[in-house]
Amino acid sequence: MSARAIALVDGNNFYVSCERAFNPNLEGCPVVVLSSNDGCVVARSAEARALGIGMGEPFFKVRPLIKSHGLRWLSSNFSLYHDMSARMMALLGEFSPSQEIYSVDECFLDFTALPVDVLAHAQKLRARVQCYLGLPTCVGLAPSKTLAKLANHMAKRDSQWSGVCDWNELPSTAQQRVMASLPVKEIWGVGGRISESLQALGIKTVWQLRNADPALIRARFSVVLARTVAELNGVSCLDLGSVPNQREQIICSRSFGQPVVALNDLKDTIINHINHAAERMRSEGLHCQSVGVFLHTYRFNLHKLQYAPSIQATLPQPTDDSRLLIAAALRALEAIYKTGYEYQKSGIQLSGLQPQHVIQVDLFSNGDRLRSERLMSAVDGINQRYGQPMVALGAAGMAHRKHFWQVRNDNRSPRYTTHWDDLAEAY
DNA sequence: TCTGGGGTCCTAGGACCC
DNA sequence: TCTGGGGTCCTAGGACCC
């Protein structure tokens, strides 16, 4: 059996590139995109990176660079990024029968059985995405997913590759040199904790990890890391999940614009989260078996008491009815809420997701179920038609009602591709 | 003053059963 | 007084990812 040829395609500074596609004035200057509440940096242009701005850095620390170095900043515009992502993934899907969409800006493509020159094929897809969408990408090619990630990393870091790095084309001495120069933490699947433990064992570079004893790794760590070691040796252990797995949970959480103290305000935020999450769940034809609620105080404030409770409530039967979910979530909230804390974040989690058709029908509640389905689809229909929540359950979270705890995103660009009003604003 | 949000997978340990 | 062992299922928590 011949080795596999796996491509990892990744958008360069994806959020920044989406902004630049619609606002060419952002070309050539340092640009960052911020998380919600304009809290921290989640995307940086190459120029911003060159200024030493780190990923995840709090915005207040880099703010001085606006004046000193002409740093441009934007609140995140997720409608835009997700729409651009969907377009990019659709384009990329045409280049292989097998595609795994891994994140908003990355996908794996299997080139193994294609009668093409893989390097040329990769360059062709880059050109297509650049031409159709104005988005720059890089491609890593290798016999395993982990090595494809590594090759992609190289393609991004060094312009000698012209955007495509094929691991197989490297002489083995060069492969060794690359691996020996990279700290183990750079590898996909090795985070801060594992990297620390590895260092303690004297495994500091990717090359050392590649040559580590698989049995030792399996025993001291887990099957996951053992697979990583095999993958570094060119043995493919991770298949392409080209059929998306059934989603397991839906989470919705937000940090507040200002601290929240009162139970009633927290209830409003929870109702908001449930309305959002339940709509998404219904749009995917799913029901959930349980609802979780969690709270967080402001974790960076060391002078105040910290409290971060969470609770999981199992429903009598799976449902997608927002009213039932809200009732359960509010009971759960009341169970964990304590006075005397300044809360900074709340969230909910819908889990035990299953498709509608596998749910056992309870004969006695069939009438209720039909009424509930009609009501929920009416609510979703109205909201989809107007593009924003016109109808919400529980009297909270209405678009026209501004809450003090709502997120701040003052510097968001127009939602060029998903909102008619913003289209007008753009031209 | 100001530090995100949404996921997956694996494992350990408890509950329960025979 | 003396109180098994093993399988399965579920959940919480930890680690990772972007």
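Lettering follows sequence order; numbering is per chain, from 1. The figures here come from the full heavy-atom set of this structure, side chains too, leaving out hydrogens, waters and symmetry mates.
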* Asked: What interatomic distance, in whole Å, is found between C1' of dC16(B) and the corresponding atom of dG4(C)?
  -> 15 Å
* What residues form a side-chain contact (heavy atoms from CB on, under 4.5 Å) with Val260(A), not counting sequence neighbours? -> Phe256(A), Asp265(A), Leu266(A), Phe404(A), Trp405(A)
* Do any of residues 88-111 of chain A sit with a heavy atom less than 4.0 Å from DNA chain C, and if so which? -> Tyr102(A), Ser103(A), Asp105(A), Glu106(A)
* Can you run through DNA chain C from 5' to 3' and write each base as (, ), [, ], | or . depending on how it pairs? Watson-Crick or G-U wobble, both distances under 3.5 Å. => ....||||||||||||||
* Sequence neighbours left out, what pairs pass salt bridge (charged side-chain N to carboxylate O under 4.0 Å, His left out) with at least one residue falling in residues 218-229 of chain A? => none
* Structure fact -> Per the under-4.0 Å heavy-atom filter, residues of residues 181-190 of chain A near DNA chain C come out as Ile187(A), Trp188(A), Gly189(A), Val190(A)
* List for me each residue that meets ring pair (Phe, Tyr, Trp, His ring centres under 6.0 Å) alongside Tyr307(A), sequence neighbours excluded, and say none if there are none. => Tyr341(A)
* To do: Quick one: label Gln344(A) by what it contacts on the DNA or RNA (base, sugar-phosphate, nothing), any heavy atom closer than 4.0 Å.
  => sugar-phosphate
* Which residues within residues 50-68 of chain A lie with some heavy atom under 4.0 Å of an atom in DNA chain B? -> Pro58(A), Phe60(A)
* Structure fact -> Applied to residues 232-241 of chain A, the salt bridge (charged side-chain N to carboxylate O under 4.0 Å, His left out) test, sequence neighbours excluded, yields Arg4(A)-Asp239(A)
* To do: Please list, chain by chain and in numerical order, all residues satisfying salt bridge (charged side-chain N to carboxylate O under 4.0 Å, His left out) with Glu248(A), sequence neighbours excluded.
  => none
* **Residues in salt bridge (charged side-chain N to carboxylate O under 4.0 Å, His left out) contact with Glu57(A), at least two apart in sequence or another chain** => none
* To do: Could you tell me which residues satisfy salt bridge (charged side-chain N to carboxylate O under 4.0 Å, His left out) with Arg247(A), sequence neighbours excluded, listed by chain and number?
  => Glu284(A)
* To do: Encode nucleotides 6-11 of chain B as B, S and - characters from 5' to 3', where the letter depends on protein heavy atoms closer than 4.0 Å: B to the base, S only to sugar-phosphate, - to neither.
  => SSBSSS
* Aromatic plane relationship, Tyr337(A) with Tyr343(A) - under 30° parallel, 30 to 60° tilted, over 60° perpendicular -> tilted
